[in-house]
Every structure is written in C-alpha cells, then in structure tokens.
Amino acid sequence: MITFPKPDVEQFLRTFSIADFAVSPDEKHLVFSTNLSGKYNLWGMDLPNSFPYPLTSIDQSCQGLIYDKKSRFIIAGFDQDGNENTQFYGVPLNGGTMKEIVNHENTRNFMPKLSNDSKKLYYTTSRGNPSFLNSYCLDLESGQERLVLEGKDAATYLFGFSPDEETLLYYKHFANTYTLLYAKKGNEDILLTPPTEKQHTVNDGVFVSDSMIYLLTDYDSDFTYLASYNLETNKFCKVKELENESFTAITYSKENQLLYITSQKGVEDQLYEINLQNENWRNIPVPCSVINKLEVAASGTLYLFGMSATKPHNIYKNTGDEWVSLTKYTVPGVDSNELVEPDIITYPSFDGREIESLFFRAKKENDNGEVIFWPHGGPQAAERKFFRASFQFFLNNGYSIFAPNFRGSTGYGLEFMKMVEGDWGNGPRLDNVAGLDWLIDQGHAQKGNILLMGGSFGGYMALLLHGRHADYFKAVVDIFGPSNLFSFINSVPEDWKPVMDQWVGNPEKDKEKLIEYSPITYLESMIKPMLVIQGANDPRVVKEESDQIVQALKDKGRDVDYMLLENEGHGFSKKENEIAVYQKILSFLNRFTAVKEKV
C-alpha cells in the first residue's frame, strides 16, 4: 500500500482566491479578479459556460470592477505591487490591450461609476485634494472632465446617482464610526439622516426612484437597520431592524422591485429580501458563512461571492431553487475532512463584558499541543467564519488558533466598535489578555508557552502584548504592524489623516497616552524571539514602522528575524510571496514546538 506524506504549505497556499467579480448586463459574460495564475489578473467566463480564460496578464490586483451598460467593455482599477495608487483602464470583453482611462501618477482613485448611457465615468480621486478628495465626471468620448463634487471637512466619496442622473449620492467619512450620507441636487446638499450631535454611520444606500432612497444606518440605534428617505417630502423613516444584527450592504432589483440586504451577526452573515410592493420580508439561505459581494442582474438573477471557514472564495448563481457554484475553488490535494471548523466561544473580559471568539482546534491526529493567539487586524473589523488558507495550513501542522473579537470589532454594535477609538492600547489589549487567561484557565495552554501572531492592527497588538505581557508567550510574529503610533499617524495616506485624532489620538493633546500605547516604548520587555514581516510598498503601515523596531531590538541583541517583501503592499498579492512567508513562519514556530512535525 502506498502511503503519502501529509499536505505541505504549497498545497494549502495554492488555494486560489477571488478579490472581486462583476456580471455583464446581458448575463452572457462574467469577469473576476483572481490569482489563478499565481498573481492577480482578470479572468472571464462566457456564461453559461464556467470555464475561465485570462483577460489580463499585468499581474496586479484589481480595485473597482464594472461593465458598461451595454455589455461592450469593462472598467477596472489596478494599482502597482500593492501601493494602492489605483488607476482605471478599459478592458475588452475577451481580453487584450487595455486602454488608459484615468491615470495620474501618485494619486488614489476610487469607486468608478458609469452613466446610464456608458458615455461618462464618475469617480473619486485624491488628485488636487489629497485630504478630502474630489469627484469628477469624465466624458469617455471627448476626454473632457468636470468637477462634480469637492470634498470638504472629511474624505468625500461619490457613491451613486438617481435614475435620471440629476441627483448625486455621496458620503463623508469623518471616522469609521461616523459617516454621513448626502444627496446633492443642483446646489442643494441634503443630509439623509436627521440632524444630531450623536455620531452614527450610514453603510450603504440606493435609489429606487428619482426621489426615493433606501439606506442602511445606525442613526439613534446601536445596530444598523434599513431606512428610507423621500427627497420630495424630506422625510426619513425607519423601515426594518433586527435584534443584534447590523445590515451591511443593499442592492436593488428594479425588475422585481425587491431589495436585497446582507447583514452581519457576529461571525456570520445573513441575506434578506424585502418586497417593496407588499413589504414582505424573507431570509434567503446562502451557500457560505460570509458574503463578500452580491450582484443583482437586470433580469433579477442573484450572483453571490462568498466563503466559509472551510470553503474558499467562490462565485454562485441563484437559480431560484438553489445556488449553483460557477467557480470550483477548493484546497488542492486536501480532503475537506482534513479542514477545521471553528468553535464559537465567549469569555468574560476584565470589566465583565463578553467577548466572542473563534477557536480553531487542531485535529487530534495532528495536534502538537501548541496554540497560536491571533488578534485580528482593523481594528474596526472582525475575525469571522471566512477562509484563511494559512489557518488551515497551521492547523494541519498541529497548531490550534484562538482568534478573539475584542472591543472595537464590527458585528457587535456601534458602541462596541467605538471602544477602540483613542484607546488602542488599553481596552482591546486587556480583552486579549483575558482571552489568554481563558485559554490557560480552561487547560488549552500554559502561561509562557503561547505563540503570538497578528497582521496590521493584529501586528500592532502582537508587538504591544509582547512588550507588556511577555510572560504569556514563547515567540512572536508581527506581520506589518505599527510599532510607533506617532510615526504611524504621520505616515498614513493623506485621506486617512483627518480621522486619526478620533481613531488613534492627537500627537500633541494625547502625547502621554500615545507613548503608553506605542509598542516601541516597551523594547526592554520584548525579550522573546520574534519574526517580523513587511511589504516595502505598504501605504498604510509603511516600511519604516517595521524597520525601526527591528533595528532597535537588534541593537539590544534580541533574537529578531526580518523578512521584507520588495513587491508587496499591505498584504500578499503574489502567491510565491505568500508561500514564502508562511514557510518562513512555520519554520520559525517549529523552533518552539514541544512536538515536532511528523515526517
């Protein structure tokens, strides 16, 4: 009998991903951004066939993807090696030479929208107004463009427009927990939630007629609900809310007069349909735990892109009776029975607040007794039941993973989400410490024997926990985490800077607090072996954040290894880099395991 070795990093991390997708108005063509070739490119499908073929070969990830309204071409945004300076291009339906549409060096461009006749492109840009942004309307035939929206006071994004294109919909981003939606008709700007001094958010909005807008907001509430605003009567109305669920995205089917709403409840998503004619409301079962995007075709057909903890990204079409998977992404060479579903657990934090967490437990036959503690990024995000090839790889190699949704996480209400603002290094840190204590008290780990790893804010938290609670850990992995809040505040993209006072703190007014919350303050206590990963092109957490703490630790003679990726930004867009990173991390962690990996 032939015996085979257990799956290695290549098999788990050769799991392909999908970053975005769109369906042509005539539903004869589908385009999606995927790393099927090892690097992100656009691939197409001629529906109903689901065999994909490449449309681009530029090896760059896509940000912004739309079809022209007559199914003749595609508009797509690409940056360069993760620098997030997205530019827009026209792409032929069958691939080939792309045409530059919007290309201005060192600018960030967002949210492309085509007019109903597809002759004009609306978009938001940092050009000329890097802090608050401007929005333009570009005539695709003449090449002339006009300013339609000037950002003031906060980063301002053009969101959409009415069917007659006379009224623009835009939002102002004052903070992640303070976003306001406006309608602009002529010279009039109409706030779509009632005036209040209390901060709130509007997540999404859609016109269903020239005068009626449906929006998702948590105005005067802790969780986001469905509301409407009538531009003729200037009346705001709450339509539908669900207990302890936050509505996250809304899509309108003009053909059937239906609204489709996705919602987040803790670590999972739901999909709802509301009939605007009779106000009937129903839950639609979906084939995944997390919904990344929902599209409604002109015919009313639903297309969904989502994933689950043990099921990678896939695109599905709703046939009425069931969801049909148009893509077939799995973990290559790995039986689904070898993948691990997480347990959902809660534990009390330092102030009695319940913290929900995902606990991935390595299967008994693989378990090496080690636990990786994983604080998530964001911080106003959450660890959810989505697929991480790296998690499944570590689990298959014997490492269990504990991922708490500490205060600041989304999915638990606006109040909970705001708790991280101006408090990066206190409440969230103590929530994580309480999670560590829960693991120890429950017998899942021993103090001083836990492995710590995180990315982005999770990398920051890994550094801070290392500096302030080193006695819990035996090794630490930081993946592009801020190390010094002063330099971090100063180096983020310009359109982020207006929100930094509320989000992180003011360098002058909050000087003492920012010193206390900066990991680099605690160099003396960072005594455990460390691996630091950084993308050289990262515009969010710039290279200097990792450079400075690595150098400072090396100057003290500490055990620190540094892996710099020259062609990456805030993440891993190239498969060879992702594989190299997790091979490096596994090799690093294996130095500290009591039971080595079986051969």
Side-chain angles (χ1 to χ4, degrees), residues 110-111 124 129 131-135 147-162 164 166-243 245-250 252 259 261 263 274 276 380 408 410 412-422 495-503 506:
F110 311 87
M111 304 174 70
T124 299
N129 191 359
S131 295
F132 302 131
L133 312 178
N134 289 331
S135 295
L147 179 69
V148 295
L149 190 64
E150 182 179 2
K152 297 178 181 178
D153 307 319
T156 304
Y157 300 84
L158 179 63
F159 199 70
F161 38 77
S162 58
D164 63 7
E166 294 295 321
T167 306
L168 301 179
L169 200 59
Y170 70 93
Y171 72 90
K172 288 192 171 187
H173 182 262
F174 296 95
N176 291 340
T177 56
Y178 185 26
T179 56
L180 299 179
L181 189 65
Y182 294 82
K184 182 179 181 65
K185 188 169 185 177
N187 294 322
E188 185 181 12
D189 294 274
I190 305 166
L191 177 63
L192 299 185
T193 48
T196 176
E197 294 297 316
K198 188 176 180 180
Q199 292 189 0
H200 59 279
T201 67
V202 182
N203 289 357
D204 205 350
V206 63
F207 278 97
V208 300
S209 70
D210 291 329
S211 60
M212 180 61 75
I213 301 167
Y214 282 88
L215 59 147
L216 307 180
T217 182
D218 51 25
Y219 166 78
D220 201 27
S221 178
D222 195 29
F223 288 83
T224 304
Y225 56 87
L226 176 67
S228 65
Y229 192 94
N230 189 315
L231 292 173
E232 291 183 349
T233 63
N234 291 323
K235 183 178 180 181
F236 172 89
C237 180
K238 180 182 284 190
V239 177
K240 182 74 174 182
E241 64 181 330
L242 296 175
E243 185 177 4
E245 287 191 41
S246 280
F247 298 157
T248 53
I250 183 171
Y252 175 55
L259 289 176
I261 297 171
S263 85
I274 183 168
L276 296 182
Q380 287 162 321
T410 57
Y412 305 95
L414 182 65
E415 178 188 352
F416 190 80
M417 188 177 171
K418 290 185 76 69
M419 285 182 174
V420 71
E421 294 179 342
D495 50 297
W496 285 32
K497 289 182 179 178
V499 310
M500 298 305 281
D501 277 10
Q502 176 169 325
W503 195 36
N506 182 281

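Computed over heavy atoms, backbone and side chain alike; hydrogens, waters and symmetry mates excluded. Sequential numbering from 1 along the given sequence is applied to the chain's residues.
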Report the distance from atom CZ of Phe223 to atom CZ of Phe416, rounding to the nearest 0.5 Å. 10.0 Å
To check you understand the geometry: which heavy-atom pair defines the closest contact between Gly151 and Asn134, and what is its length? N-OD1, 3.2 Å
To the nearest 0.5 Å, what is the distance between OH on Tyr252 and OG on Ser209? 8.0 Å
Over all heavy atoms of both residues, which pair between Asn230 and Met212 is shortest? Give the atoms and the distance, please. ND2-CE, 3.7 Å
Please tell me if the side chains of Leu192 and Thr217 come closer than 4.5 Å, counting only heavy atoms from C-beta onward. no
Hey, could you give me each pair passing ring pair (Phe, Tyr, Trp, His ring centres under 6.0 Å) that has a residue in residues 192-216? Not counting sequence neighbours. His200-Tyr219
Quick check: do Leu231 and Lys185 have side-chain heavy atoms less than 4.5 Å from each other? no
CA sep, side-chain torsions, deciding dist, call: Ile190, Thr167, side chain to side chain contact (heavy atoms under 4.5 Å, CB included): CA-CA 10 Å; Ile190 305 166; Thr167 306; over 6 Å; no
Donor-acceptor pair, side chain of Asn203 and main chain of Thr224, under 3.5 angstrom: no
Find the distance between CG (Asp164) and CG (Asp210) and round it off to the nearest 0.5 Å. 3.5 Å
Distance only, no hydrogens: is a donor on one side chain within 3.5 Å (strictly under) of an acceptor on the other, for Asp218 and Thr201? yes
Looking at side-chain heavy atoms only, is the closest gap between Leu226 and Leu259 below 4.5 Å? yes
Sub-4.5 Å side-chain heavy-atom contact between Trp503 and Gln380: yes
Hey, could you give me the CG/OH distance between Asp189 and Tyr182, rounded to the nearest 0.5 Å? 8.0 Å
Ala155 backbone acceptor or donor facing Asp495 side chain under 3.5 Å: no
State whether the number of non-hydrogen atoms from other residues, nucleotides or ligands found under 6.0 Å of Lys152 atom NZ is greater than 12. no
Is it true that Lys418 and Glu421 make a salt bridge, defined as a side-chain N closer than 4.0 Å to a carboxylate O? yes
Correct closest heavy-atom pair for His173 and Ala154 would be O-CB, 3.6 Å
For Tyr229 and Phe236: C-alpha separation, side-chain torsions, deciding distance, then whether ring-ring contact (aromatic ring centres under 6.0 Å, His included) applies. CA-CA 5 Å; Tyr229 192 94; Phe236 172 89; 7.1 Å; no
Spell out, as yes or no, whether a donor-acceptor pair under 3.5 Å connects the side chain of Thr124 to the backbone of Leu158. yes
Considering all heavy atoms, the nearest Asn129-Glu150 contact: ND2-CG, 4.4 Å
Does the cation-pi check pass for Lys184 over Tyr170, that is, NZ or CZ under 6.0 Å from the six-membered ring centre and within 45° of its axis? no
Would you name the heavy atoms of Lys240 and Phe247 that are closest together and state the gap between them? O-CE1, 3.4 Å
Between atom OG1 of Thr156 and atom CG of Leu133, what is the distance when rounded to the nearest 0.5 Å? 7.0 Å
Taking C-beta and beyond as the side chain, do Leu216 and Thr248 meet within less than 4.5 Å on heavy atoms? no
Non-hydrogen atoms of Leu181 and Leu215 that approach each other most closely: CD2-CB, 4.1 Å
First locate atom CG of Leu168, then atom CD of Glu166, and finally report the distance between them rounded to the nearest 0.5 Å. 9.5 Å
